[in-house]
Amino acid sequence: MIDKYNPSEIEAKWQQRWADDNLYQARDDDPRPKWYALTMFPYTSGDLHIGHWYAMAPSDVYARFKCMQGYNVLHPMGFDAFGFPAENAAIKRGIHPRTWTMSNIENMRRQLKSIGAIYDWSREVITCEPEYYRWTQWFFLKLWEAGLTYRAKAPVNWCPNCQAVLANEQVVNGECWRCETPVTRRDLEQWFFRITKYADELMKHDGLDWPERIKIMQANWVGRSEGAELSFGLDYPDVEEKEIRVFTTRPDTVFGVSFMALAPEHPLVRKLTTAEQRDAVEAYIDKARRRTEIERLSAEHEKDGVFTGAYVINRLNGENVPIWIADYVLASYGTGAVMGVPAHDERDFIFAGKYKLPVKVVVAPPDWNGRPLAEAYTGPGEMVHSDSFDGMPSEQAGIKISEFIARRGWGRRTVSYKLRDWLISRQRYWGAPIPMVHCEKCGIVPVLEKDLPVLLPENAEFKPTGESPLKYVDSFVNTVCPQCGGAAKRETDTMDTFMCSSWYFLRYASPLYADGAFNPDAVGKWLPADIYTGGGEHAVMHLFYSRFFTKALRDMGRLDFGEPFLRLFNQGTITHDHQKMSKSKGNVVNPDKYVSAMGADTVRAYLMFIGPWEQGGDWDDSGIYGLARWLGRIWSLALEPYEGGACGGEGLSPKDLSRVTHQTIRRVTGDMEKLRFNTMIAALMEFSNFLGKVRENGSVPVEDYREAVRVLLKLLAPTAPHFAEEVWARLGYAYSIHNQKWPEWDAALVEDEEIPLVVQVNGKLRDRLMVAANIDEASAKKLAQESEKVMVYTAGKTVIQVVYVPGKLVNIVVK
RNA sequence: GCCGAGAUGGUGGAAUGGCAGACACGCUAGCUUGAGGGGCUAGUGAACUUUAUCGUUCGUGAGAGUUCAAAUCUCUCUCUCGGCACCA
């Protein structure tokens, strides 16, 4: 009697052995083709929950599969360790963010090791270590040198709970992406990265194997629209500006302008407002400012505004157009000013209705009879009331009008984007300090590269006040100017943590490199990543920023590629009680208890088996025992003695076994490549079920049986690495199964000799015949029509057509 | 409102034009066993038929269509999830 499968014992044993043997250390000098299997590193929140396992375990399976296929695989792991939660937790518990973060890393590293993944821990990266953030700061300097960094006073998104500004990408439905607090606005002087310079490139994904969903989200985020910028004349002696510029996608409707709307923040508002309108305008500006992003953006929010008392001149027809302010006009998009064409824009139509402004049709709707419109007409049509452009199709008129305007210097064709520059300043302690110095004499001066890192002082009082805690650390703030040597003050804001994660995948290539952020040779070898897996929630954050970094580095001549991740795959979310897992909701599922009860291999297999990886699902552990049982059955199949060849020729033959074996190899390999782990495991289950039958049948010789078991173990090795290693060793095969070559299928052995031929009458299944696989069409049709079961349905009827699908079915159409 | 994904047994899911429900979970029965959601075997979409187990009909959110053939393709609609949302 063999002893039972005891996961906790064998998992600890093999993890130790693999670590001792450095089995998974990725070597730069390995001559085999490289494979960079990248998994999003976790934030150091404290505990790995089952969702982390769902991200980590299948990606490890795929990396292991690539190993066995003969690749030199880099599968690194690290920790995204800066950020507000560390600071908040530390404040709550009165401990230092570093202490909190490091103890979390301890725990998470232990949990990660329990997965049994092939992480190369010698390449671990922790973003809050000075050896790392030194280079994050270096990137800031390089982007500064490249002209991609600037400082500007701007209305910014403010999270009152985090007490810090947020980038646009980090505002989700008007709320902070991390703490879900409604975001308000503030005017602050902040650091920005000019990500908009790469707008066009960021919306393209040529040659990338990425989910369509993510590509579309990124393209929508960039929000490119083509149109024209054109100016309206201003004629006020005491106002120095002589025009107001607007952006429009519909230059064809410029003859239909009946008002202009400025954003409340538009710089001309105060200059133009007349004395009579001053009070109303000031009150409106005040109201608009107090509105949170949510209120302002809510669909129900009525479009309102106030007349400024001033007028602009529509240069095309010389009309005076009243200037209003309205908070539906965004200061940050286009020019912050909109031409109001009520007849051809839904918002303008509503606005005009409310304030009794004229609705002038300039693009005739189909069959228009000249009567007033009941709603805005936004489609194309024939031009009317537009001087010399009358009669033209509106699409053509748009181009003609743009050209007309351009010739007179009143405007030009242009492109506008929704994407805004990346705001990276954060008024918090736990982040990489921005390596800049404010000198009274020299202005803003970058810290010298040799003086990096600008160390985060340990002794800060890090209570959030709305200002950076670093402001109150005199020893940090007071420095000398790198340029003139005089007294100067350091920048006290820290960097958005997304900066740290925008380049960590480069650091893995040469994690200990001291002469730069990365060793160009190592990066040349490993990058770009062949596959990147992680949650889809970072579509317009991390993934977007990383692409920006990569492109900027390419243009600096520091990288010879512009896309960091060739293939992207987003696993779904594991919810619990149909809600996202979070500590505050108290619905976090800890994998540790399952691992200690049933072993990592069972948990790995279960997570992959519950459904398509991209789909996720609600956590329900009721099926996990099925997977544990399955491994137990394979344990017996492989290890319990088998005396084959008993019935000699009866029952299942060695040929049947080899055919099923090769079919399984084909299915498993194909599913692996497609990351279809659920069907991959189903295929393995079918194979083990078949082996059970073979064993019961007893007609296959021992050596054939053994060979099939060997194949099963190899195919199972990525999924259940400890289990496969243990059984492999017990069968006396050489260590390690993970260094074995991935099995290949033989096309000749895959094909069945006999196949079931489906026979339908009028599309309904009537019989199934076992026929030779290479049956010809005529015989197949003949056999089908001669079937007794079929003849019941064809008797007395006329055969109209007989459809034959080779190797599959015959459909007899009768009447 | 716009964009994207989806809806299949009691449950998770399989099948991407050709046998619907693979593979599991659960359940039922039997065997085994000293119990602790133990092991093994068989059955398990629904209805009908039948004390003949053979068969028939229906069935993939709803409705139409294309096709010899539709879960799969097309159109319309409903619902669910995700994203974007006054972008001029």
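In what follows, chains carry the letters A, B, and so on, assigned in the order in which the sequence lines appear, proteins first and then strands, with residues in each chain numbered from 1. Keep in mind that what you see is a predicted model, and the values were worked out from it rather than measured.
Contact check, A:Y328 against B:A88: no side-chain N or O comes under 4.0 Å of OP1 or OP2. Taking only side-chain nitrogens and oxygens, A:N220 never comes nearer than 4.0 Å to OP1 or OP2 of B:G83. Put simply, A:Y606 has no side-chain N or O that comes within less than 4.0 Å of OP1 or OP2 on B:G13. For B:C81, the OP1/OP2 oxygens have no side-chain nitrogen or oxygen of A:R213 closer than 4.0 Å. An OP1 or OP2 oxygen of B:G39 is reached within less than 4.0 angstrom by a side-chain nitrogen or oxygen of A:R629. An OP1 or OP2 oxygen of B:G13 is reached within less than 4.0 angstrom by a side-chain nitrogen or oxygen of A:Q615. A close approach under 4.0 Å does occur between a side-chain nitrogen or oxygen of A:S225 and OP1 or OP2 of B:A88.
The nucleotide whose nearest atom lies closest to any side-chain atom of A:N678 is, among B:G13, B:G12, B:A88, B:G13. Comparing atom distances between the A:R420 side chain and each of B:C87, B:G55, B:C23 picks out B:C87 as nearest. Here the nucleotide nearest the side chain of A:K418, chosen from B:U56, B:C84, B:C86, is B:C84. With B:C19, B:A24, B:G18 as the candidates, the nucleotide lying closest to the side chain of A:N689 is B:A24. When distances are taken from the side chain of A:V813 to each of B:A88, B:C19, B:C68, the shortest belongs to B:C68. Picking from B:C87, B:C68, B:U57 the nucleotide with the shortest atom distance to the side chain of A:Y333 gives B:C87. Comparing B:A24, B:G18, B:A14 against the side chain of A:P612 picks out B:A14 as the nearest. Closest contact between the side chain of A:D345 and the listed nucleotides B:A88, B:A24, B:C86 involves B:A88.
Residue contacts shown for A:R667 are absent, as no nucleic acid heavy atom lies under 4.0 Å away. Among the atoms of the strands shown, only primed sugar atoms or phosphate atoms (P, OP1, OP2) are found under 4.0 Å from some heavy atom of A:Y793. Residue A:N811 is classed as a base contact, given a heavy-atom separation below 4.0 Å to a base.
Between A:D348 and A:R250, no side-chain nitrogen of the basic residue sits less than 4.0 Å from a carboxylate oxygen of the acidic one, so the salt-bridge criterion is not met.
Scanning atom types as modelled, one donor and one acceptor separated by under 3.5 angstrom connect the side chain of A:R768 and the base of B:C19.
Looking at heavy atoms from C-beta onward, A:E243 lies in side-chain contact with A:R315 at the 4.5 angstrom threshold.
In this entry B:C2 has B:G83 as its Watson-Crick or G-U wobble partner, both defining distances falling under 3.5 Å.
Side chains of A:Y333 and A:S225: a donor on one and an acceptor on the other come within 3.5 Å.
Glycosidic conformation of B:G9: syn, with the torsion inside 90° of 0.
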